[in-house]
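Written out below as structure tokens is the structure these notes cover.
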Amino acid sequence: KNEVEQSPQNLTAQEGEFITINCSYSVGISALHWLQQHPGGGIVSLFMLSSGKKKHGRLIATINIQEKHSSLHITASHPRDSAVYICAVYTGTASKLTFGTGTRLQVTL
Amino acid sequence: NAGVMQNPRHLVRRRGQEARLRCSPMKGHSHVYWYRQLPEEGLKFMVYLQKENIIDESGMPKERFSAEFPKEGPSILRIQQVVRGDSAAYFCASSPSTGEQYFGPGTRLTVT
């Protein structure tokens, strides 16, 4: 079993829909990243959070440390949001990241 | 402030050749991390370096792979005698300390 699990693995949505991607982890963490990767592209950090909630534009990330769960929400989705979204965690005092396998999102017109 | 730079962006090597991948961290960042993304797989940690020191190399294959981050110049990930299974995207990230990491655009290595 992976230390970081994401669901769903694949997600298709129509433009304008509200999207939720979930991340569960089984280890103690100090912080969690949500990352975005376009096909053949680089990796962009969307959020780093260790508690509560963060919002940036149409993106919202929440984390519940007790339940070892985080969610990424996209409001009013748009085709340009189509990408792979990756959850990654910092474990303990280590600086290395452990990654989920990603959620592939496709937003259609 | 330029982001994390990686070069080359694409690298083709024949089996048995050496591959050198470079990573220049963001200005002011002294911590560098290398990650590998095999085709259709998730990202995996390889190595964590600070200037002139390897801090954690627990994700590095035991043979043929090495990494350095000299006092001056970029961090280098070196793969000797490449094999087809080394074909992957290699990402570098940097941070100012043990905080948020910023990723480079990656180097896509193809071994023919």
Side-chain angles (χ1 to χ4, degrees), chain A residues 1-10 21-51 54 56 59 61 63 70 83-105, chain B residues 2-10 21 23-26 29-50 53-60 67 69 87-110:
Chain A
K1 187 175 169 21
N2 291 333
E3 290 179 321
V4 182
E5 296 276 356
Q6 284 186 238
S7 63
Q9 286 191 306
N10 294 284
I21 298 170
N22 296 298
C23 174
S24 297
Y25 50 90
S26 56
V27 293
I29 71 166
S30 53
L32 180 145
H33 259 299
W34 278 103
L35 307 166
Q36 180 193 56
Q37 185 177 27
H38 282 99
I43 295 168
V44 174
S45 176
L46 299 174
F47 296 103
M48 177 176 163
L49 64 167
S50 53
S51 64
K54 285 191 176 179
H56 185 250
L59 301 177
I63 188 168
S70 176
V84 175
Y85 292 84
I86 303 166
C87 170
V89 300
Y90 293 94
T91 54
T93 57
S95 293
K96 62 188 182 187
L97 285 165
T98 301
F99 299 84
T101 51
T103 294
R104 191 176 300 273
L105 170 66
Chain B
V4 179
M5 312 271 285
Q6 287 188 250
N7 68 81
R9 295 290 304 274
H10 298 272
L21 288 61
C23 169
S24 296
M26 286 179 72
H29 287 193
S30 58
H31 297 233
V32 165
Y33 313 82
W34 285 94
Y35 299 97
R36 178 165 69 172
Q37 187 175 41
L38 292 166
E40 304 302 321
E41 291 190 22
L43 286 148
K44 295 281 195 300
F45 167 79
M46 297 182 77
V47 62
Y48 161 38
L49 309 104
Q50 294 178 28
N53 284 306
I54 297 174
I55 306 302
D56 182 345
E57 55 181 347
S58 58
M60 288 279 269
F69 188 15
S87 295
Y90 292 83
F91 289 94
C92 163
S94 73
S95 67
S97 60
T98 54
E100 184 170 3
Q101 295 180 24
Y102 297 82
F103 285 80
T107 293
R108 276 151 184 84
L109 172 66
T110 302

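Order of the sequence lines sets the chain letters (A, B, ...), proteins ahead of strands, with each chain counted from 1.
Crowding of B/Met5 atom CE: a count of heavy atoms from other residues, nucleotides or ligands under 6.0 Å not exceeding 12. The number of heavy-atom neighbours closer than 6.0 Å to CD of B/Glu41, taken from other residues, nucleotides and ligands shown, is above 12.
Taking both residues in full, the closest heavy atoms of B/Phe91 and A/Gln37 are given as CZ-NE2, 3.4 Å, listed atom of the first, atom of the second, then distance. Scanning all heavy atoms of the two residues, the minimum distance from A/Leu35 to B/Phe103 falls at CD2-CE1, 3.9 Å.
Side-chain contact annotation: A/Ser45 with B/Glu100, donor-acceptor N/O pair under 3.5 Å present.
Checked against ring pair (Phe, Tyr, Trp, His ring centres under 6.0 Å), A/Tyr25 has no partners two or more places apart in sequence or in another chain. For A/Asn22, the side chain to side chain donor-acceptor pair (under 3.5 Å) partners at least two apart in sequence or on another chain are A/His69, A/Ser71.
Annotation: side chain of A/Lys96 is not in contact with side chain of B/Met46 (no heavy-atom distance under 4.5 Å). In this structure, B/Leu43 and A/Leu97 have side chains that are not in contact, with every pair of non-hydrogen atoms separated by 4.5 Å or more.
Only the side chain of B/Arg108 comes within contact range of chain A, judged by heavy atoms closer than 4.5 Å. Residue contact with chain A, scored on non-hydrogen atoms closer than 4.5 Å, is absent for B/Gln6.
Ring centroids of A/Phe99 and B/Tyr35 are separated by less than 6.0 Å, placing the two rings close together.
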